[in-house]
Amino acid sequence: TLKDEVNIILDKASLESQQSIGFIKATKILMK
Amino acid sequence: MEAEVDKLELMFQKADSDLDYIQYRLEYEIKTNYPDSAGKKNPVTLLKELSAIKSRYQTLQVRFKPIAGAQKETKSRICATFSKTMTLIQELQKQTDLELLPLTEEEKTAAEQLR
Amino acid sequence: SDLEQLCSHINEKIGNIKKTLSLRNCGKEPTLKTILNKIGDEIIVVNELLNKLELEIQYQEQTNISLKVMVFLVMKQNKK
């Protein structure tokens, strides 16, 4: 259903956000 | 022939406006019989909200799709540049016989994460 | 194709009228009324989810911008 679809895309977006946050942190550490 | 075409056009226009009027009257009747009350909406309102939700979802989906691709591309450019920098540093290290400090645990984990 | 467009335009309107007609008696029967109310509640839930999704997308667009800045900084560092 539409609700399920929205939940799926929301989970995907949150996961990608987490990954990007980790990536940015790691990049900042290596740039020091 | 011209007259026939005009007549046909008029008929279609009339059919169109009749359909609009029927739709309007039906919606009006439903809204009158079942007015929206607190939290309880009538079928016509719900139907409109449903189509609004679907179009809003489509818009957000179109917005979301390119983001993931762009992020992936940017991240790979950062990784590629980092590995180039690391190679350069190792080259310099060799040429200058300078011993660089080993990576700290934090830096190792960060490099691992990037890799 | 003009005639086909005209035909689909009229058919769409007829489809909408049929849909509205089927809803006409919806509010009378208690069972259909509860279904209506449930749909109403579901719409509220989905709207809240879409609000969340919109915020998430805005956040991701911001993250994209900061990643682009990072590319620039890393390349600058590489040059240095």
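- A distance of 7.5 Å separates CD1 of B:I78 from CD1 of A:I24, quoted to the nearest 0.5 Å.
- We find the CD1-CD distance between A:I9 and B:Q61 to be 4.5 Å, quoted to the nearest 0.5 Å.
- The distance from the OG1 atom of B:T109 to the CD1 atom of A:I29 is 6.5 Å, given to the nearest 0.5 Å.
- In this structure, chain B has heavy atoms under 4.5 Å from both the backbone and the side chain of A:L30.
- Counted by atom type alone, A:T27 and B:K75 present zero donor-acceptor pairs between their side chains at under 3.5 Å.
- The nearest pair of heavy atoms linking A:E16 to B:Q71 is O-OE1, 4.3 Å.
- More than 12 heavy-atom neighbours from other residues, nucleotides or ligands sit within 6.0 angstrom of CZ on B:R56.
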